[in-house]
Amino acid sequence: MPLLRVSALHKYYGDNHVLKGVDLSIEEGEVVAIIGRSGSGKSTLLRTLNGLESISDGVIEVDGEYLDAARADLRSLRQKVGMVFQQFNLFPHLSVGENVMLAPQVVKKTSKGEARQLAEQMLARVGLGEKFNAYPDQLSGGQQQRVAIARALAMSPKVLLCDEITSALDPELVTEVLGVVRQLAKEGMTLIMVTHEMRFAREVGDKLVFMHQGKVHEVGNPREVFAAPQTAELANFIGAVAQAS
Amino acid sequence: MDFTLWDIVRNLLAGLQWTLLLSLVAFVCGGVAGLLLLLARISDNPYLRGLARGYIELFQGTPLLMQLFMVFFGIALFGIDVSAWMAAAIALTLFTSAFLAEIWRGCVESIGRGQWEASGSLALSRLEQLRYVILPQAMRIAIAPTVGFSVQVVKGTAVTSIIGFTELTKTGGMLANATFEPFLTYGLVAVGYFILCYPLSLSARYLERRLHAPA
């Protein structure tokens with residue numbers, strides 16, 4: 001049984017039909033890269049998976065959590081689905097350690113001591129063990145994003161959503177963040193990334209999802225799909241990206 | 001009967017104490033009520049939001065003096081005897097809460113969407129998001145305008161003299177009648193308000209400079 005299943009998912013913004021019947025199924029431990037042009041619905045799709053966007057029709061199931069247009073237990077869903085954002089969104093009034101400790105303490109009622117230990121572990125995991133007492137504005141973008149990853153991991157999610165997590169970074173900082181993601185993938189974390197890093201998607205991804213006009217247009221193994229796209233739209237997209245880089 | 005300058009000042013100081021006390025009560029009670037009103041104003045329940053909005057519009061859109069009359073004479077209508085002190089405290093509290101809620105709402109809304117989304121995706125409930133992430137940041141921004149608004153509350157207490165509450169202005173009026181020295185007396189009354197308000201204005205300006213710098 002897949003860890004995450006999306007069936008006939010529709011999303012409207014007013015009259016704008018953004019997701020037009022998306023079906024997707026993801027196994028535990030899979031690393032999924034979602035690619036597509038801007039406006040194809042890829043970020044919206046990702047954001048529906050933890051309830052940041054409501055859905056108009058269809059069903060999302062994550063590890064026994066069930067979400068449709070009428071009902072959503074966001075609190076338990078979000079404990080299973082972590083998210084990392086393009087803009088990091090660290091809490092600027094809290095230290096790095098407190099950023100990581102907050103949700104375990106507040107949501108899971110972990111004791112302060114345990115939360116602290118957990119935060120130290122998570123920060124060490126992203127290579128920032130020594131930054132526990134620093135504040136977000138004292139860190140580089142790459143370091144902030146790694147803290148954001150540690151913060152999400154502290155809730156031990158079943159799935160981690162990554163929404164263009166390297167797009168706001170200076171080029172020289174991209175590698176350190178992708179390095180952390182690669183490590184997570186190796187450790188068996190289920191990852192769903194909206195990304196422009198095609199090379200990374202090809203190297204690390206188990207599954208490539210190409211979104212086009214609100215639908216999943218093509219799915220497959222990244223290495224195979226990149227080598228031989230089945231649809232003209234994906235071939236076009238790959239060509240355009242290759243030309244740009 | 002002759003009044004020395006000290007007699008006037010002594011009596012005004014007594015009035016000043018009531019002005020100060022009324023300001024404090026209005027500000028503290030208004031702050032608590034304002035916080036509840038703020039929570040209603042930004043709640044995800046549309047009825048609660050609408051109710052809070054109506055309340056704020058009502059108190060921002062009518063003169064404080066009318067609000068005072070409504071409380072003073074309105075409560076009496078139900079056969080409840082309400083003292084001038086009580087009516088003044090209630091009316092100013094209502095007035096203050098409406099303005100503070102609106103000031104604070106602006107501060108809450110200036111916190112970026114990303115903070116809501118990040119805390120939300122960590123499974124925090126709406127109240128937890130406010131308590132741990134949004135309000136601590138909004139508070140920093142709110143301090144200067146809140147202190148600034150306290151000046152309006154202090155000056156607002158003057159209208160309560162009309163229903164007979166003997167604060168600074170009312171005391172001044174009585175002294176002016178008794179001494180036939182209206183200019184001197186009201187001049188001293190003005191000095192009294194200035195002494196209360198100027199430090200507040202100064203600290204608001206200072207806090208603005210200190211806290212409004214980008215974090």
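These numbers come from the heavy atoms of this one structure, side chains and all, not from hydrogens, waters or symmetry mates. Quick note on labels: first sequence line is chain A, next is B, and so on, each numbered from 1.
For chain B, the nearby parts of A:Phe91 are the backbone and the side chain; heavy atoms of each come within less than 4.5 Å. Residue A:Gln87 does not touch chain B at all, counting heavy-atom pairs closer than 4.5 Å. Within the 4.5 angstrom heavy-atom criterion, only side-chain atoms of A:Leu52, from C-beta onward, approach chain B. Heavy-atom distances place the backbone of A:Leu90, and not its side chain, under 4.5 Å from chain B. Residue contact with chain A, scored on non-hydrogen atoms closer than 4.5 Å, is absent for B:Arg131. At a 4.5 Å heavy-atom cutoff, the contact between A:Arg47 and chain B is made by side-chain atoms alone. Of the atoms belonging to A:Val81, it is backbone heavy atoms, and not side-chain ones, that fall under 4.5 Å from chain B.
B:Gln60 and B:Glu102 are not linked by any side-chain donor-acceptor pair at a separation below 3.5 angstrom, with hydrogens and angles left out of the test. For the residue pair A:Ser43 / A:Asp163, a side-chain donor-acceptor distance below 3.5 Å is found, with atom types taken as modelled.
Between A:His17 and A:Tyr12, the two ring planes are parallel [angle under 30°; tilted spans 30° to 60°]. The aromatic rings of B:Phe95 and B:Phe99 sit tilted, their planes meeting at an angle between 30° and 60°.
Listed for the B:Ser43 side chain is no donor-acceptor partner under 3.5 Å among the backbone atoms of B:Leu39.
Taking 4.5 Å as the limit, every side-chain heavy atom of A:Val204 sits out of range of all side-chain heavy atoms of A:Val181.
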